[in-house]
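Right, one structure below, let's go through it.
Convention: sequence-line order gives letters A, B, ...; per-chain numbering from 1.
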Protein chains: 2
Amino acid sequence: MSVEQPDMPELKIESGSGLQTSVEPLQLGKRLREIRQSLSLTLEEASQKTGLARSTLSKIENEQISPTFTAVQKLANGLQIDIPQLFAKPRSTMASGRRVLTKAGAGTPHPTSTYEHELLSTDLARKKMVPFKTRVRARSFNDFGDWVRHEGEEFLLVLEGELALYTEFYEPVVMSVGDSMYYDANMGHALVSLSEKDALVLWIAAR
Amino acid sequence: MSVEQPDMPELKIESGSGLQTSVEPLQLGKRLREIRQSLSLTLEEASQKTGLARSTLSKIENEQISPTFTAVQKLANGLQIDIPQLFAKPRSTMASGRRVLTKAGAGTPHPTSTYEHELLSTDLARKKMVPFKTRVRARSFNDFGDWVRHEGEEFLLVLEGELALYTEFYEPVVMSVGDSMYYDANMGHALVSLSEKDALVLWIAAR
DNA sequence: GGGAAAAGTTTCCTATAGGCTAATTTATTG
DNA sequence: CAATAAATTAGCCTATAGGAAACTTTTCCC
């Protein structure tokens, strides 16, 4: 069977359920203009360095056209821009100097059939990590429709109980209090409690 | 007094904004195909999720055409891809499917005058997060030469004892077992144990 | 192996990106 | 305010991206 993202609080910025293009306010044109100007280049100079026409650059910067990937490459190449950086978010929105305290048990609950998540530190936007405490209710691997799988990496630490971590490509591992695991979340994974009571883990996901 | 980075295991800041010269052999199409297949989606399904024609997807994956930026956005949106990551270099060195288990107490010790770090999951290269358990030995803020401060964000959870988190710009906060804190590591910070025994915290840093 | 269904590729057409030139508008500066 | 340079716009053309459907390949049953 093939369920999509059966569990886990959404890490994405969320776009409702419609198959819309909606999100991503990324203003590529604006971004490029800033970069060019910060290099104090005229459109003409930028044109020479990139091999793109002056008018084309203008149109791109004013979002009148959507550059092809090859155009973006020329841009990046000519202006010495690192492509991933070009598309990176407008720099950690978390204004320098912020912090959020979450008292024990005061997180945001987020129950599902197999897990019971308590999201810690909700109110900071655009975090690099999403931390939560999770009570593992599943008692057998069959409680899952399919692997949980998504972009990023995860770290987890067992706080209470004993459990088995099932992962794609490997044998399941038994973990006790104090044991921790770091893994690629693209790899299918799922937790099952081995003790009578639910197991409790600290779970941190990073994109 | 002013010590530089008095504590904390090195986070290692990769070639930050180094001059990114020369060409990009970046095979966008190949990359996209890998991603689609890893999600076990057919071209048709991907088409529905992204709003791009089946044929268009095929051509893009086979590098027959160079997608426009708007197309890339639709792709990223529909398949839940993070755009910067899409263009990131050699694909997270952590080959898809890796994991590392660290048994309780089996981490790499890393003692300093005020803290006693136990680094968890050492052997994975290029991780997004650096997790460690720390025993807080400091009993007063004066035990520190200066604020600890560095790039990135941190999350910490109190595992044992009671302690005070001192942060620049704010009043110190008292934290007990189960309390957690998420903060910008650029902001000066330091931990002090309030109980007789050392306090124990789980600490995770992300760049 | 043969036939059907599904996944993927290619063809053909339309929409749009990108180049060239020149005209117009918007800064700079003396 | 005049003079100049930079940026935007417009017109027109060519190259190519993206969509619809035909075609080809692969997969899977019997």
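Contact between L43(B) and R54(B) at its shortest, heavy atoms only, is CB-CG, 3.7 Å. When all heavy atoms are compared, the tightest approach of L156(A) to M175(A) is CD1-CE, 3.9 Å.
Remark: P of dA6(D) and CD of E45(A) are 8 Å apart, rounded to the nearest angstrom. Atom pair E44(A):CD and dA27(C):C1' shows a separation of 18 Å (rounding to whole Å applied). Per the geometry, CG belonging to L57(A) stands 15 Å off P belonging to dA17(C), to the nearest Å. Atom P of nucleotide dT21(C) and atom CG of L43(A) are separated by 17 Å, given to the nearest angstrom. dG19(C) atom C1' lies 10 Å from atom CG of L52(A), rounded to whole Å. Atom C1' of nucleotide dC13(C) and atom NZ of K59(B) are separated by 10 Å, given to the nearest angstrom. Atom CG in L75(B) sits roughly 11 Å away from atom P in dG19(D) (whole-Å rounding).
The side chain of Q64(B) places no N or O atom within less than 4.0 Å of a non-bridging phosphate oxygen (OP1 or OP2) of dT9(C). In terms of phosphate contacts, S55(A) brings no side-chain nitrogen or oxygen within less than 4.0 Å of OP1 or OP2 of dA10(D). One finds a side-chain N or O of R33(B) lying less than 4.0 angstrom from the OP1 or OP2 phosphate oxygen of dT9(C).
Under the 4.0 Å criterion applied to side-chain N and carboxylate O atoms, E63(B) and K30(B) are not assigned as salt-bridge partners.
Nearest nucleotide to the I65(A) side chain, out of dG19(D), dA22(C), dG18(C): dG18(C). For R54(B), counting side-chain heavy atoms from C-beta on, the closest listed nucleotide (dA7(D), dG18(D), dG8(C)) is dG8(C). Side-chain proximity of T56(B) to the nucleotides dG18(C), dG18(D), dT8(D) is greatest for dG18(D). Counting only heavy atoms from C-beta on, N62(A) has its side chain closest to dT8(D) among dA6(D), dT8(D), dT9(C). Comparing atom distances between the S58(A) side chain and each of dT9(D), dG18(C), dG8(C) picks out dT9(D) as nearest. Closest approach to the R36(B) side chain among dG8(C), dG19(D), dG19(C) is made by dG8(C) (side chain taken as heavy atoms from C-beta onward). Taking the side chain of T68(B) as heavy atoms from C-beta on, and the options dA7(D), dG19(D), dA17(C), the nearest nucleotide is dA17(C).
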Open item on the list: V201(B) vs R135(B), test: side-chain contact (heavy atoms from CB on, under 4.5 Å). Steps then yes/no.
Closed with: CA-CA 7 Å; V201(B) 304; R135(B) 187 162 295 282; over 6 Å; no
TODO: Evaluate the side-chain contact (heavy atoms from CB on, under 4.5 Å) criterion for residues Y166(A) and V192(A): first the C-alpha distance (whole Å), next the side-chain angles of each, then the deciding distance (0.1 Å), finally the verdict.
DONE: CA-CA 8 Å; Y166(A) 286 76; V192(A) 172; 3.8 Å; yes
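One cannot find a donor-acceptor pair under 3.5 Å joining the base of dG18(D) and the side-chain atoms of K74(B).
Terminal axes of the helix from dG1(C)-dC30(D) to dG30(C)-dC1(D) (five pairs each, C1' rotation axis) are separated by 50°, to the nearest 10°.
By the 4.5 Å heavy-atom criterion applied to side chains, V136(B) and L200(B) are not counted as neighbours. Residues L28(A) and L32(A) have side chains in contact (heavy-atom distance under 4.5 Å, counting atoms from C-beta outward).
The aromatic rings of W203(B) and H189(B) lie perpendicular to each other, with more than 60° between the two planes, well past the 30° mark.
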